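Since this is a predicted model, take the numbers as computed values, not measurements. Counting starts at 1 for both ligands and their atoms, in listed order.
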Amino acid sequence: MPTTSPRLDRMALRAQFPALAQEVGGHPLVYLDNAATSQKPQSVLDALAAYYEDDNANVHRGIHELSRRATTAFEGARVKLAKFIGAPDSAELVWTRGTTEAINLVASSWGMDTLGDGDEILLSSLEHHSNIVPWQLVASRTGARLRYIEMDEQGRLILDYLPELLTDRTRLVAVSHISNALGTVNPIREIADQAKQVGALVLVDGAQAVPHRRVDVQELGCDFYAFSGHKMCGPTGSGGLWARRSLLESMPPYQGGGEMIRMVERDTSTWAEIPHKFEAGTPNIAGAIALGAAADFLDEVGFNAIAEHERELLSYALERLDDMGGINVYGPTDLDERSGVISFTMGDAHPHDISTILDSRGIAIRAGHHCAQLVMQHFGISATARASFYLYNSTDDVDHLIEGLASVKEIFGPA
Ligand code: PMP
C-alpha cells in the first residue's frame, strides 16, 4: 500500500477537523463527498465563533470599536483571499454567497447590460448547472444564443473545434476550471488565449479548483473567476467573484440596497466604488472572516503537498477499483488531466443504492447527476456514484470504500 506524502502529516491534519472524529451507524466516518462540500478545520470554526463572541457588529457603518474591529477583519479577509487567487487588487474581489451567486451576478449585471440579439455565449457540456442556467435566463431575455464546446468519450473538452465555435458574435466563454462530475481539468489558459482572439470575455467556474490547487487568475488569462468558500474548508454562504477592475467599474449594480450606494435621491442614486457597488445589504461578515482563516489554513498546509497527496489517493483508488473489476469509471484516464473526483457506475446497481449501502458502513459518497445533467446525457446515463478526496483523506479511506463496494457487489452480483 502506498504511503501518503511525507510533507503532509495526515493524522495531525485530520485531528484538526472535529467532524471527522465521529462515528456514523457505529462505523468511523469515511468522508468522501468533498466535491459537494469540505469539512472545516478548528481554526475556521474558531474564527466564526470569535467574530460572534467578541467583534459582532455591522461593517463599514459604525463609528465604534466593535464595528471597527469587524470591518478590519472583514476587509482583511478580502485582501487575503484576493492574494490567495492571485488578484492584483483586493477591490477586484466581490464577496458572494459562493460560485452560483458569483455567476448570477455576472449574468444579471454584465450579461443583461451587454448582450443583445444574436450575440453568442460559449459554454461547455461539462458545466455544472450553475454555469448553464444563469446564461439560459439571460439568453431568453436578450436574444443571445448559447453554444457548447463538446467533450470526448473521456469527458475532455474537444478544443479542435474551438476556432469554429468562436465567432465575431462570441461575447463570453464560460467554462469550469475543474468538472465536479468527472474531475476533468480544463486548459483554461489555452481557451482564454483563443477567446481573446475574437474579443470574447472569459468566465471561469473555479468551484472545484480553488480548494485543490494554486489558482492565479492573472496567469489563467480570464476576466471573471467564481469560487465557493464551503468547498475549501470555509463556511457555507461564503465565496467570491474576481473580475478585472475596468470590467467591474463598467458593470451596473447587481442588487440595490444599503452599502452599495454613494448618494440616494428620490428618483436616482449613484453607486459606491467597487467592490461595494456589488455588495448590497449586510454581508456574510462571519463567513468572509472565517474564509480568510480557511485560506490561511490551506496556505499553511501548502498546495504542493495537497495536490501531491490527492494525486496519490486518486492513483491508488483507481488502481484498486480496476483490480476489483466491474466498475465503470468516467473521466480522463491521464491523471494529469483530472483531479481527485471519481465518478463511477457498477453494473445494475443504481448509484443511490451504492450510496445507501456505503452509508450503512459510515462511508459518505454522492450519487446522482451532480447538477451536471448534460454530462450524464453525454454518457447516456442518469446518474453516477461519486467519491471525491480532500487533504484529510487517506488510503485507509480508499480501502474502506473498496470493502464497501465489495459488499455492493455481493448484493447485486458481478456486473
Ligand atoms: N460549479 C461547480 C463546478 C461546482 O462543483 C459547484 C458546487 N457543486 C458549483 C458550481 C456551485 O457552487 P455553490 O453551490 O457553492 O454555489
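Applying the ring pair (Phe, Tyr, Trp, His ring centres under 6.0 Å) rule to His230 yields no partners; only residues at least two apart in sequence or on another chain are considered. Under the side chain to side chain contact (heavy atoms under 4.5 Å, CB included) criterion, Pro235 pairs with Val44, Leu48, Ser238, Ala290, Leu291, sequence neighbours left out.
Applying the side chain to side chain donor-acceptor pair (under 3.5 Å) test to pairs two or more places apart or on separate chains, those with a residue in residues 73-86 are His60-Glu75, Glu75-Arg78, Arg78-Glu279, Lys80-Asp296.
Residues Asp89 and Arg244 are not paired through a salt bridge, judged by the lack of any N-O separation under 4.0 Å between the basic side chain and the carboxylate.
Using a distance-only test at 3.5 Å, with no hydrogens or angles considered, a donor-acceptor pair links the side chain of Lys40 to the main chain of Gly234.
Other residues, nucleotides and ligands contribute over 12 non-hydrogen atoms within 6.0 Å of the CZ atom of Arg189.
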Between the protein and ligand 1, are there any N or O atom pairs that come within less than 3.5 Å of each other, and if so, what are their names and distances?
unit_1, atom_1, unit_2, atom_2, d
ligand 1, 1 (N), Asp205, OD1, 3.2
ligand 1, 1 (N), Asp205, OD2, 2.5
ligand 1, 5 (O), Gln208, NE2, 2.6
ligand 1, 8 (N), His128, NE2, 3.3
ligand 1, 8 (N), Lys231, NZ, 2.7
ligand 1, 15 (O), Ser228, OG, 2.7
ligand 1, 15 (O), His230, NE2, 2.7
ligand 1, 16 (O), Thr99, N, 3.4
ligand 1, 16 (O), Thr100, N, 2.9
ligand 1, 16 (O), Thr100, OG1, 2.6

